[in-house]
Structures are given as C-alpha cells and as structure tokens.
Amino acid sequence: METGTALWSFALVVGLLTITPGLDTALVLRTSAVGHRRRAWGVVLGIQAGTFAWGALTSLGVTALLTASHVAYEVLRWAGAAYLVWMGVRMLAETMRRGVPAVADDDEAALGADSLPAGFRQGALTNLLNPKVGAFYVAVLPQFIPPGAGQFTTGVLLTSVHVALGLSWSTALIACARALRTWLRRPGARRLMDRVTGTVIAGFGIRLALSD
C-alpha cells in the first residue's frame with residue numbers, strides 16, 4: 001500500500017466515523033446552540049487534541065500497553081464512565097428545575113464560563129478518558145501504515161487527517177447550531193435539547209461502564 005492510498009483509505013474510514021452521530025456531536029451542538037461560541041470551539045479543539053494524542057501514542061506503541069493491561073484499561077474506563085454520567089446527569093438535573101429562562105441564565109452553572117480554555121478542558125477530558133478511542137487506534141491505525149514507512153511519522157500523518165476531518169465537520173455543526181439558535185433559545189426547545197443531550201452523554205457513560 002502506497003502512502004497516498006493509505007491516506008485516502010484512512011480518510012474514508014475515519015470520515016464515516018466522524019459524521020456518525022455520537023458523543024462528540026452532541027457535545028459540540030449543545031455548547032454552540034446555547035450561544036457559547038468560544039467554549040464550543042474550545043470543546044472542538046479539546047476533542048481533536050485528544051484524538052491527536054491517542055494517534056501519537058499509538059504510533060509510539062504506548063496505547064498498546066494500555067490495551068494489554070487490564071487494570072490500566074479498567075481504571076481509565078471507569079474514570080471516563082463516571083465523568084460522562086456526571087456530566088449527563090448534571091445537564092438533566094438543570095432541565096428539571098422550575099422556571100428555566102429563555103435566555104438560559106443557568107448555562108454558566110451547567111456548562112461553565114464561555115471561554116476557550118474551559119471548553120478545551122471539557123473536550124479533551126471527554127476524549128482522553130474514553131479508552132475505546134485508544135483501542136480503535138491500536139486496532140485500525142497500524143493497518144494503514146505502508147510496509148517500510150516510518151511508523152511514528154506515518155501514524156501522526158494519518159491522525160492529522162482524522163483531526164482535519166473532525167475540525168471540518170465541527171465547523172459545519174457549529175454553523176448549523178447557530179442558524180437554529182433563535183428556535184433553540186425557546187424554553188421548551190432548550191429543555192428538549194438539554195434532555196436529549198444529557199441522556200446521550202449519560203448513556204455513553206453507562207455503556208462504557210457496562211462494556212466488556
């Protein structure tokens with residue numbers, strides 16, 4: 001397999017993975033929809049930084065140690081599950097409070113300050129505490145590294161393709177969320193969106209906790 005073929009093939013695989021609705025999509029959409037644009041971009045950059053870290057560590061062979069160590073994997077899995085469930089339940093709890101305002105004054109309590117660093121921390125933690133991302137890279141990335149090519153250099157190059165696709169897709173998500181912001185600022189729509197997003201995030205956490 002030539003490097004060019006490997007890049008296109010890998011782009012197809014991770015491209016389909018990127019546009020599949022999931023935890024990252026829900027988090028980016030919700031953060032952007034409430035008007036926290038800086039925080040939404042922070043979430044995006046944090047998620048992609050986590051993806052790049054997993055890819056780089058896989059290229060170095062470090063994440064193979066994680067998948068080989070049952071204890072390390074379990075610790076990371078339970079930490080990730082607890083974080084996701086906490087975040088989802090907190091979001092759901094906010095929707096149960098009476099008198100949720102149309103402009104969402106409670107967003108600071110639910111999501112934190114509208115700042116790039118705060119969003120970056122949230123996105124990075126969500127990604128780095130998910131050992132399944134590391135397991136995916138360990139299983140998939142080596143298959144796209146051509147024989148004789150530098151493992152670390154090619155692995156980082158392939159990961160960069162994934163990051164670029166993720167940034168492009170997130171840009172589209174943020175644009176869509178902002179276009180629907182007027183509708184999403186209605187109390188009923190906001191509660192519905194928060195309940196769906198909170199359920200998705202908590203559901204991912206529970207699934208991660210119950211997975212083998």
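Keep in mind that what you see is a predicted model, and the values were worked out from it rather than measured.
- The side-chain heavy atoms of Leu84 and Met87, taken from C-beta on, include a pair separated by under 4.5 Å.
- Proximity of a side-chain donor or acceptor of Ser32 to a complementary backbone N or O of Val28 within less than 3.5 Å is not detected.
- A donor-acceptor contact shorter than 3.5 Å links the side chain of Arg77 to the backbone of Leu208.
- With values rounded to the nearest 0.5 angstrom, Leu23 atom CG is found 5.5 Å from Phe204 atom CZ.
- Hydrophobic cluster of Val75: the remaining members, joined at side-chain heavy-atom separations below 4.5 Å, are Val71, listed by chain and number.
- Leu7 pairs with exactly one of Leu157, Leu12, Thr154 by the side chain to side chain contact (heavy atoms under 4.5 Å, CB included) rule, that one being Leu157.
- Across all their heavy atoms, Ala11 and Val161 have their closest contact at CB-CG1, 3.7 Å.
- In this structure, the separation between CD on Gln122 and CD1 on Ile47 is 8.5 Å, given to the nearest 0.5 Å.
- In this structure, the separation between CE on Met91 and OG1 on Thr197 is 6.0 Å, given to the nearest 0.5 Å.
- The closest donor-acceptor contact from the side chain of Gln143 to the backbone of Ala139 lies under 3.5 Å.
- Hydrophobic clustering of Ile, Leu, Val, Met, Phe, Trp and Tyr side chains at less than 4.5 Å, counting indirect connections, keeps Trp78 apart from Leu76.
- Summarising the geometry of Val89 relative to Ala202, their closest heavy-atom pair is N-CB, 4.5 Å, with the distance given to 0.1 Å.
- For Arg38, the salt bridge (Lys or Arg N to Asp or Glu O under 4.0 Å) partners two or more places apart in sequence, or in a different chain, are Asp114.
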Starting from the C-alpha separation in whole Å, work towards a yes-or-no answer on side-chain hydrogen bond (donor to acceptor under 3.5 Å, both in side chains) for Thr51 and Asn127.
CA-CA 7 Å; Thr51 298; Asn127 192 291; 3.3 Å; yes

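- How far CD1 of Ile201 is from OG1 of Thr126: 7.0 Å, rounded to the nearest 0.5 Å.
- Both Trp86 and Leu128 belong to a single network of hydrophobic side chains, linked directly or stepwise wherever heavy atoms of I, L, V, M, F, W or Y lie under 4.5 Å apart.
- For Asn130, there are no side chain to side chain donor-acceptor pair (under 3.5 Å) partners, not counting sequence neighbours.
- We find the CG-CG distance between Leu173 and Leu29 to be 5.0 Å, quoted to the nearest 0.5 Å.
- Taking the side chain as every heavy atom from C-beta outward, Phe144 and Val13 approach each other to under 4.5 Å.
- One distance of note links CH2 of Trp41 with OG1 of Thr31; it measures 12.5 Å at 0.5 Å rounding.
- A donor-acceptor pair is defined here as one N or O able to donate and one able to accept, closer than 3.5 Å; no such pair exists between the side chain of Trp54 and the backbone of Phe136.
- Remark: Arg121 pairs with no residue by the side chain to side chain donor-acceptor pair (under 3.5 Å) rule, at least two apart or across chains.
- Shortest non-hydrogen contact noted between Gln48 and His162 is OE1-O, 4.1 Å.
- Every residue was checked against the ring-ring contact (aromatic ring centres under 6.0 Å, His included) condition with Tyr83, not counting sequence neighbours, and none meets it.
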side-chain contact (heavy atoms from CB on, under 4.5 Å) assessment of Tyr137 paired with Thr159
CA-CA 9 Å; Tyr137 264 91; Thr159 304; 3.7 Å; yes

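- Counting non-hydrogen atoms of neighbouring residues, nucleotides and ligands closer than 6.0 angstrom, the CZ atom of Arg37 reaches no more than 12 such neighbours.
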Applying side-chain contact (heavy atoms from CB on, under 4.5 Å) to Arg195 and Leu92, what does each step give before you reach the verdict?
CA-CA 5 Å; Arg195 286 172 183 174; Leu92 287 170; 4.1 Å; yes

Hey, mind stepping through Thr18 and Thr25 against side-chain contact (heavy atoms from CB on, under 4.5 Å) and telling me if it holds?
CA-CA 9 Å; Thr18 298; Thr25 299; over 6 Å; no

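- Scanning all heavy atoms of the two residues, the minimum distance from Ala26 to Val200 falls at CB-CG1, 4.1 Å.
- In the hydrophobic cluster analysis, where Ile, Leu, Val, Met, Phe, Trp and Tyr join through side-chain heavy atoms closer than 4.5 angstrom, Leu17 is grouped together with Val163.
- Of all non-hydrogen atoms in Gln151 and Thr58, the two that sit nearest each other are NE2-O, 4.1 Å.
- Hydrophobic clustering of Ile, Leu, Val, Met, Phe, Trp and Tyr side chains at less than 4.5 Å, counting indirect connections, unites Val133 with Ile19.
- Under the side chain to side chain donor-acceptor pair (under 3.5 Å) criterion, Ser59 pairs with no residue at all, not counting sequence neighbours.
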